[in-house]
Amino acid sequence: MKNILIILSLVMSFAFAKAQQLQAYINESIENNPKIQAFELRYNIAEEKVSETNWIPNTEISAGYFISEPETRTGAQVAQFSVRQMLPWFGTITARENYANALAEAEYVEITIAKRKLALSVAQSYYQLYAIKAKQDVLERNIGLLQTYEKLALTSVEVGNASAVDVLKLQIQQNELLQQKELLQEEFLAEQSNFNNLLNRESAKQVQVVESLIIPETDPLLDEAALTLNPELIKYDKLYESIEQSELLNQRESSPMLGFGVNYLPVQERPDMNFSDNGKDILMPMVSLSIPLFDNRFKSRSRQNELRQQLIESQKQQRLNVLESAFAKAKSLRNKARISFDTQNKNLAQAKDAEEILLKNYETGTIDFNDVLDIQELQLKFQTQQIQAIQLYYVQSAYLNYLIN
């Protein structure tokens, strides 16, 4: 029991270290990736637009000079000065602010989506690097195994139990594996460059990947209902809310506008008359009301907003269908990866048994090196498929995490 607890502790520690390493890369990518920075700048612009909404129409100031001075009882009017300020209907400025805030919230959801997609891309690239490195290690072990068989073949040739052709076949197989290893190295460098670009750092910088991964005995529970909380769907909710705020703003803007002002007319004194109001200037306060009696823009905007809401509802439902299909497919692929992994485990055990039988036959001088090559190729095939199953399992797990967490 003590040994089992020690093993479980080591496995948990390894899994935690692996998760920490990948999470560190994801955090670095989110901090440095220019695409995320662009989304954040868009959000900052949207936030700044909230301050822009707190405005009222320009104050109108006018002045006029009478070329032909009109005569009044109190004297001639020389000029006219006026000041007027129109004010939006009550609640219009607040409606503007609410609409701008709703648009900013929609932009913020876009940042969340971009970060989640970036984290998924980093995880997928990381597991691709792991798979390439693991395949290289498998090839290295198989090359060493073939070298051992080559020595056995050379010994068999000396005693007449094998031919030089068997040795050449083993050497040719080693050359093939060396070629595959070199090709994988090129593939690793290309994927490493892609990984570093996601983190916005030097393409040639070395990436540390975990040495080995295992598929856990049980999968974490998946709640498909959590799909409704995916930011890709929340985005449509925010857009719907922004249209609601747009309609409230439209209703406020369709209301009358109030205007307040004052007119001032300086009047010259009449030199030929003497009375109390002679030359008294004219000061006239004014109140005005601007009513959009013949403006159909607001009705049209209301209809457009209604249609936009219907469009968003359709788009959200369509996106939910896509996410549900993606969830089912990812879950199925992850289950297939587990089935493949278990099958390759059994195949590798049986191939190992066959290898041991061949080695025992060598002791009696009846080894067939064609069988040796066949078993080696099978082992390489099973090991490669097992690595691919592990990669598929973790890639699909990362995708499921993107969908529901």
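What you are looking at is a predicted structure, and each value in this text was computed from that prediction instead of being measured.
Of the charged side-chain nitrogens involved, none lies within less than 4.0 Å of a carboxylate oxygen, so that Glu107 and Lys238 do not count as a salt-bridged pair. Taking 4.0 Å as the cut-off between side-chain N and carboxylate O, Lys352 and Glu355 count as a salt-bridged pair. Salt-bridge annotation for Lys331 and Asp219: absent, with no side-chain N of the basic residue lying under 4.0 Å from a carboxylate O of the acidic one. Between Glu232 and Arg116, none of the side-chain N atoms (NZ, or NE/NH1/NH2) sits under 4.0 Å from a carboxylate O, so this pair counts as no salt bridge. A salt bridge does not link Asp137 to Arg141: none of the charged side-chain nitrogens sits closer than 4.0 Å to a carboxylate oxygen.
The number of heavy-atom neighbours closer than 6.0 Å to CG of Asn321, taken from other residues, nucleotides and ligands shown, is above 12.
Sorted pairs that involve residues 293-318 and meet ring-ring contact (aromatic ring centres under 6.0 Å, His included), not counting sequence neighbours, are lacking altogether.
From Glu241, atom CD reaches atom CD of Glu105 across 6.5 Å, with rounding to the nearest 0.5 Å. Here the CG atom belonging to Leu139 is positioned 5.5 Å from the CG atom belonging to Leu380, to the nearest 0.5 angstrom. Separation of atoms CD1 (Ile215) and CZ (Arg338) is listed at 6.0 Å; rounding is to 0.5 Å. Rounded to the nearest 0.5 Å, atoms OH (Tyr25) and CD1 (Ile30) are 15.5 Å apart. Taken from CE in Met257 to CG in Leu87, the straight-line distance is 7.5 Å, to the nearest 0.5 Å. Separating the CD atom in Glu110 from the CD1 atom in Ile113 is a distance of 5.0 Å, to the nearest 0.5 Å.
Between the side chain of Ser125 and the backbone N or O of Ser121, no donor-acceptor pair lies under 3.5 Å. A donor-acceptor contact shorter than 3.5 Å links the side chain of Tyr126 to the backbone of Val210. Remark: the backbone N or O of Ser397 is not paired with any side-chain donor or acceptor of Asn401 at under 3.5 angstrom. Formation of a donor-acceptor pair under 3.5 Å by the Arg252 side chain with backbone atoms of Ala95 is not found in this model. Distance alone, capped at 3.5 Å, is enough to place a donor-acceptor pair between the Thr228 side chain and the Ala225 backbone. Side chain of Ser340 to backbone of Ala337: no donor-acceptor contact under 3.5 angstrom is found. Panel note: side chain Asn196, backbone Glu202; a donor-acceptor pair is recorded below 3.5 Å. Side chain of Ser156 to backbone of Leu152: a donor-acceptor contact under 3.5 angstrom is found.
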- Steps toward side-chain hydrogen bond (donor to acceptor under 3.5 Å, both in side chains) verdict (Ser302, Asn250): CA-CA 7 Å; Ser302 294; Asn250 182 56; 3.0 Å; yes

- Task: Go through the steps for Glu187 and Gln128 under the test side-chain hydrogen bond (donor to acceptor under 3.5 Å, both in side chains), then give the verdict.
- Result: CA-CA 10 Å; Glu187 187 178 342; Gln128 176 67 13; 3.2 Å; yes

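Using modelled atom types and a 3.5 Å distance limit, the side chains of Lys115 and Asn33 yield no donor-acceptor pair. In this structure, a donor-acceptor pair under 3.5 Å is present between the side chains of Asn345 and Gln386.
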